[in-house]
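Here the structure is laid out as structure tokens; the discussion comes afterwards.
Just so it is clear, the model here is predicted, and its values are computed rather than measured.
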Amino acid sequence: MFMDTQYRDEPSPADDLLAAGRALQPEERLMVEVLALACADLRLRARGVEAEARREAAHAWVANEAEHWPLSFVRICRHFDIEPTALRDRLLGAQGRCDGRQPQAA
């Protein structure tokens with residue numbers, strides 16, 4: 001388990017959703033938490049096999065274009081009226097896109 005100090009101190013896009021003052025339904029809170037975890041894992045500063053695996057899984061989840069599972073990056077973005085490509089570019093920045101593999105849960 002990683003401590004919070006392992007993460008960069010930057011607000012994530014998920015924080016923007018929570019700060020919008022919108023009352024979230026339980027399933028929406030789950031969507032936000034999935035997105036928040038992926039954002040945190042992308043910013044993970046820890047080193048080692050487990051940290052790298054978490055960063056790679058988060059990167060793969062964000063980069064994936066699939067919409068067929070309920071908690072996909074694209075479906076979560078569209079649910080909250082966020083353009084997936086714009087958020088993906090913001091999250092991945094200069095990292096670019098990965099190979100689009102089907103990710104495990106982020």
- Go through the steps to decide whether Leu42 and Leu92 satisfy the test side chain to side chain contact (heavy atoms under 4.5 Å, CB included), and finish with yes or no. CA-CA 8 Å; Leu42 285 170; Leu92 301 182; 4.1 Å; yes
Quick one: [atom1] on [X] to [atom2] on [Y], what's the gap to the nearest 0.5 Å?
| X | Y | atom1 | atom2 | value |
| --- | --- | --- | --- | --- |
| Leu44 | Cys39 | CG | SG | 13.0 Å |
| Leu37 | Trp61 | CG | CH2 | 9.0 Å |
| Glu27 | Met31 | CD | CE | 6.5 Å |
| Leu87 | Leu35 | CG | CG | 6.0 Å |

- Message: I'd like to know if Arg55 and Glu50 make a salt bridge, using a cut-off of under 4.0 Å between side-chain N and carboxylate O.
- Response: no
- Task: Look at the side chain of Glu33 and the backbone N and O of Leu30, then say whether any donor-acceptor pair between them is shorter than 3.5 Å.
- Result: no
- Is there a donor-acceptor contact under 3.5 Å from the side chain of Arg54 to the main chain of Asp41? no
- Task: Would you sort out whether Trp69 and Asn64 count as a side chain to side chain contact (heavy atoms under 4.5 Å, CB included), showing the intermediate values?
- Result: CA-CA 11 Å; Trp69 74 95; Asn64 197 295; 3.9 Å; yes
- Message: Under the rule for side chain to side chain donor-acceptor pair (under 3.5 Å), what residues qualify as partners of Arg78, not counting sequence neighbours?
- Response: Glu67
- Note on the structure: Nearest heavy-atom contact between Ala58 and Ala38 is CB-O, 3.5 Å
- Would you mind reporting whether Phe80 and Leu24 have side-chain heavy atoms less than 4.5 Å apart? yes
- Just do the side chain to side chain contact (heavy atoms under 4.5 Å, CB included) check on Phe73 and Leu91 with the steps written out, would you? CA-CA 12 Å; Phe73 176 78; Leu91 292 175; 3.9 Å; yes
- Item | With Glu83 via salt bridge (Lys or Arg N to Asp or Glu O under 4.0 Å) - residues at least two apart | none
